[in-house]
Amino acid sequence: MSNNDVRVRFAPSPTGPLHIGGVRTALYNYLFAKKNGGKLILRIEDTDQNRFVPGAEQYIIDSFKWCGIEFDEGATAGGDYGPYKQSERKNYYREYAIKLIKSGHAYYAFDTPEELNKVRSVYEAEKRTFIYNADERKRLKNALTLTDEETKALLSNGEPYVIRFKMPENENVIMDDLIRGRIEVNSSVLDDKILFKSDGMPTYHLANIVDDHLMKISHVIRGEEWLPSLPLHVLLYDAFKWEKPKFAHLPLILKPDGNGKLSKRDGDRLGFPVFPLQWTDPKTGSVSSGFREDGYIAKAFVNMLALLGWNPGDDREIFSMYELVEEFTIERVGKSGSKFDPQKAAWFNHKYLQKEKNNELAEMLLPIAESNGVLVEKDKMSRVIGIVKERANFVKDIWNQLDFFFVRPQEYDSKAVNKRWKHDSYDQMNELKDILYNISSFKSEHMEEVVKTWIENKEYGMGMIMNAFRLLIVGALRGPHLFDIIAILGKDETLKRMDQGLNKLGRKE
RNA sequence: GGUCCGUUCGUCUAGUCAGGUCAGGACGCCAGGUUUUCAUCCUGGUAACACGGGUUCGAAUCCCGUACGGACUACCA
């Protein structure tokens, strides 16, 4: 197979917001496709009519757009192998199911879910495992136990039926996984899975094989939760006499603490998002946070996700999407699950935040400033951001690093006052005020030189003066280089703040 | 319960396929440095081959077993 034949797909079910595990699966598919000059297809697997959630499909599309994952074919991009929504392919599946019946690989079954549940609970009570397999199907209501006439009669009566796969009795199914290698399972432990439901829709198993074949999918890269059904899928390909795609089953993304699959609950409990975008459940109205809304930069999010389960084999950690495409290989995907680490995610975001242009960050900060009741010029915001952004992990953190540029101290941190506002401070700050009032240039370096010379000449303590000064300007002991701050505030504002502070703090006895 | 998959610092991981440097890097944490503050930044430190056998001169690496964890076990995907 030449590289041009590489066709992979991401096939979500629109039953809710897309979990980051799903995003990562899509990302790896995307990287694999691009790396190999192939195509990525988005197929919507909406064969379960009961679980349909309005808005979920659009959410999925919006999420990938935000991440920068582009599809070559699919529900939105179009293509020659459509339709790309399984609900619109409904008519294909019955035909293929019947093909399997004719070739002896499948059969009609008439057991109702209630009947089967009953059998299952009887088995459970006896501590036995119920498997609808070669043994059990002899005792159940299906085309194998019924006569042809009885089956035909039931069908023509409109009796509800399903079509089940006729699992071979004792066959070693040998599978090959790109990540895990050779896997072998005996078919006797597998069951006669339903391929076609009584509502006229196929199950995942049938639809996925038929569509992957029809869409000429070359590699199936999906989550590890599908590994147990791989033998069925392999057998299905064999039954159809179709060429199999190559398979790769990705490890899971685990919760940061303890064990198990990362879930929405973990995010709520530990305070981080598990979905790329914020999602409002249409039924309950409950809102789940998203990486985007929490201030993550899309590129940082993608970079972090790519490294969760894959690595380039060396020490590099920062990758653009382009670089990921260049470097990505399935062979370097790990076998074991990865715990999501919110702290490392924040670190990635910090790295990307530093690369972000100041005026673009300013654009994002202006609304935040406004919601704090402050109207700011974009240019000034941009300038200030340049000074403080290295201190922040997220855009929303930046405001807390620069609010004092725009808002005079409302109060003075009492601890700081206790520690740094001493008896001499009042007179010293008055002296400093005079110096700044008369200074020739309000440039940062110049002021620093003048003020430091004054401190040395007077033999004042540098820490004493500068901290008291900071207290007057900022209201607390925080923020960047103080002379940079007052240079931006300007002489008027600086002197006003000094007056205000001197008034409020007064002379300490 | 059954089937399958997995297991290297607290976390993400390199090293495993071709057995042979004090098991390397990053996040976190701790310490020191820079600094007028808080951060950033820089330097250093902490810390792991799940366990038990076997093969071998030599095992994180190969083999077997055990333990632990996970996924799956629907007319859901």
Side-chain angles (χ1 to χ4, degrees), chain A residues 11-15 45-48 50-51 109 111-113 116-117 120 123-124 127-131 160-164 175 177 179-181 183-186 189-191 193-199 201-205 207-208 222-231 249 251-252 254 256-261 304 307-317 331-332 334-348 350 354 388-392 401 416 419-420 448 451-452 455 461-471 474 476-483:
Chain A
S13 187
T15 54
E45 307 224 326
D46 53 351
T47 52
D48 186 352
N50 301 319
R51 292 208 308 161
D111 320 276
T112 65
L116 290 175
N117 283 339
R120 279 197 192 93
Y123 270 64
E124 201 172 328
K127 301 222 159 156
R128 291 162 62 201
T129 315
F130 173 75
I131 309 177
Y161 67 90
V162 299
I163 298 174
R164 284 182 183 270
M175 297 155 285
D177 185 277
I179 293 172
R180 286 152 217 284
I183 300 166
E184 195 174 332
V185 179
N186 191 285
V189 298
L190 272 16
D191 60 348
K193 273 274 178 294
I194 291 175
L195 301 177
F196 198 83
K197 300 183 275 187
S198 59
D199 64 359
M201 290 292 255
T203 61
Y204 169 86
H205 304 293
N208 139 72
R222 76 228 299 194
E224 185 184 309
E225 67 269 27
W226 293 111
L227 205 47
S229 43
L230 180 58
H249 288 88
L252 268 13
L254 277 16
D257 57 344
N259 299 303
K261 214 159 131 180
M304 176 275 295
L307 272 288
L308 207 57
W310 171 87
N311 76 84
D314 56 40
D315 292 345
R316 291 171 299 160
E317 299 211 83
E331 290 71 29
R332 294 212 63 88
K335 290 176 165 67
S336 50
S338 314
K339 291 184 182 176
F340 172 72
D341 182 358
Q343 282 182 313
K344 188 129 189 189
W347 175 81
F348 272 110
H350 177 263
Q354 306 318 309
V388 302
K389 75 173 172 188
E390 66 182 19
R391 316 159 82 87
Q401 300 288 349
K419 196 174 166 199
R420 294 300 190 177
E448 182 168 359
V451 171
K452 282 189 172 168
I455 291 171
M462 178 76 95
M464 224 42 244
I465 296 295
M466 292 307 296
N467 281 303
F469 188 21
R470 180 176 293 276
L471 206 42
V474 177
L477 300 181
R478 64 186 174 104
H481 193 61
L482 192 48
F483 293 105

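Note on naming: letters A, B, ... go to the chains in the order of the sequence lines (proteins, then strands), and numbering restarts at 1 for each one.
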Measure the shortest side-chain to side-chain distance between [X] and [Y] over non-hydrogen atoms and say whether it is less than 4.5 angstrom.
X         : Y         : value
Leu307(A) : Pro312(A) : yes
Asp341(A) : Pro256(A) : no
Thr47(A)  : Thr203(A) : no
Phe483(A) : Met466(A) : yes

Distance-only, no hydrogens or angles: does the [X] side chain make a donor-acceptor pair with backbone N or O of [Y] under 3.5 Å?
X         : Y         : answer
Arg164(A) : Lys193(A) : no
Gln354(A) : Lys389(A) : yes
Arg316(A) : Asn311(A) : no
Lys197(A) : Ile163(A) : no

* Asked: With sequence neighbours left out, what residues match Trp347(A) under ring pair (Phe, Tyr, Trp, His ring centres under 6.0 Å)?
  ->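 By the ring pair (Phe, Tyr, Trp, His ring centres under 6.0 Å) rule, Trp347(A) matches no residue at all.
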[atom1] gap between [N] and [M], integer Å:
N      : M      : atom1 : result
C63(B) : G69(B) : C1'   : 23 Å
C49(B) : G28(B) : P     : 24 Å
C64(B) : U55(B) : P     : 15 Å
A59(B) : U21(B) : C1'   : 15 Å
A26(B) : G44(B) : P     : 9 Å
C51(B) : A67(B) : P     : 16 Å
G52(B) : C9(B)  : P     : 16 Å
A60(B) : G24(B) : P     : 14 Å

Just the table, please: protein N/O against nucleotides 38-41 of chain B N/O, every pair under 3.5 Å.
unit_1, atom_1, unit_2, atom_2, d
C38(B), O4', Leu477(A), O, 3.3
C38(B), O2, Arg391(A), NH2, 2.0
C38(B), N3, Arg391(A), NH2, 2.3
C38(B), N3, Gly479(A), O, 3.4
A39(B), N3, Arg391(A), NH1, 3.1

In 5'-to-3' order, the base (B), backbone-only (S) or no-contact (-) status of each nucleotide in nucleotides 72-77 of chain B, using a 4.0 angstrom heavy-atom cut-off, is S-SBBB
Could you list, one pair per line, each protein nitrogen or oxygen that sits under 3.5 Å from a nitrogen or oxygen of nucleotides 43-49 of chain B, together with the distance?
none

Using the rule given for side-chain contact (heavy atoms from CB on, under 4.5 Å), can you reason through Asp199(A) versus Asn50(A), listing the C-alpha separation, both sets of side-chain angles and the distance that settles it, and then say yes or no? CA-CA 11 Å; Asp199(A) 64 359; Asn50(A) 301 319; 5.6 Å; no
ask   = For Phe130(A), is the NZ or CZ atom of Arg120(A) found under 6.0 angstrom from the centre of its six-membered ring and inside 45 degrees of the ring axis?
value =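 No - Arg120(A) does not lie over the ring of Phe130(A) by the 6.0 Å and 45° rule.
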Applying the Watson-Crick and G-U wobble criteria at under 3.5 Å, what pairs with [N]? Answer none if nothing qualifies.
N      : value
A39(B) : none
C75(B) : none
A50(B) : U66(B)
G19(B) : none
C29(B) : G45(B)

Using the 3.5 Å cut-off, write out each protein N or O paired with an N or O of nucleotides 10-20 of chain B and the distance between them.
unit_1, atom_1, unit_2, atom_2, d
C12(B), OP1, Lys339(A), N, 2.8
C12(B), O2', Leu307(A), O, 3.3
U13(B), OP1, Gly309(A), N, 2.8
U13(B), OP1, Ser338(A), OG, 2.5
U13(B), O3', Asn311(A), ND2, 2.8
A14(B), OP1, Asn311(A), ND2, 2.7
A14(B), O3', Arg332(A), NH2, 3.2
G15(B), OP1, Arg332(A), NH1, 3.2
G15(B), OP1, Arg332(A), NH2, 3.2

For atom [atom1] of [X] and atom [atom2] of [N], their distance in whole Å:
X         : N      : atom1 : atom2 : result
Arg128(A) : G2(B)  : CZ    : C1'   : 14 Å
Phe469(A) : U36(B) : CZ    : C1'   : 11 Å
Glu224(A) : U7(B)  : CD    : P     : 10 Å
Met464(A) : U37(B) : CE    : P     : 12 Å
Phe483(A) : U37(B) : CZ    : C1'   : 13 Å

What verdict does the side-chain contact (heavy atoms from CB on, under 4.5 Å) test give for Leu227(A) and Asp177(A), after you've listed the backbone C-alpha separation in whole Å, the side-chain angles of each residue and the deciding distance to 0.1 Å?
CA-CA 9 Å; Leu227(A) 205 47; Asp177(A) 185 277; 4.3 Å; yes
Item to complete: Quick one: label Ile131(A) by what it contacts on the DNA or RNA (base, sugar-phosphate, nothing), any heavy atom closer than 4.0 Å.
Response: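 No contact.
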(request) Remember a base hit wins even if backbone is also touched, and classify Lys335(A) as base, sugar-phosphate or nothing at under 4.0 Å, heavy atoms. (result)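 The answer is sugar-phosphate, as Lys335(A) gets under 4.0 Å only of primed atoms, P, OP1 or OP2.
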message = Parallel, tilted or perpendicular: which one describes the rings of His205(A) and Trp226(A), with boundaries at 30° and 60°?
response =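 Ring orientation, 0 to 90° scale: perpendicular.
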task = Identify, with sequence neighbours excluded, every residue that meets salt bridge (charged side-chain N to carboxylate O under 4.0 Å, His left out) alongside Arg478(A).
result =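 Per chain and number, Arg478(A) pairs via salt bridge (charged side-chain N to carboxylate O under 4.0 Å, His left out) with Asp403(A).
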Hydrogens and angles aside, do Arg222(A) and His249(A) bring a side-chain donor and acceptor to less than 3.5 Å of each other?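 Result is yes, a qualifying pair exists.
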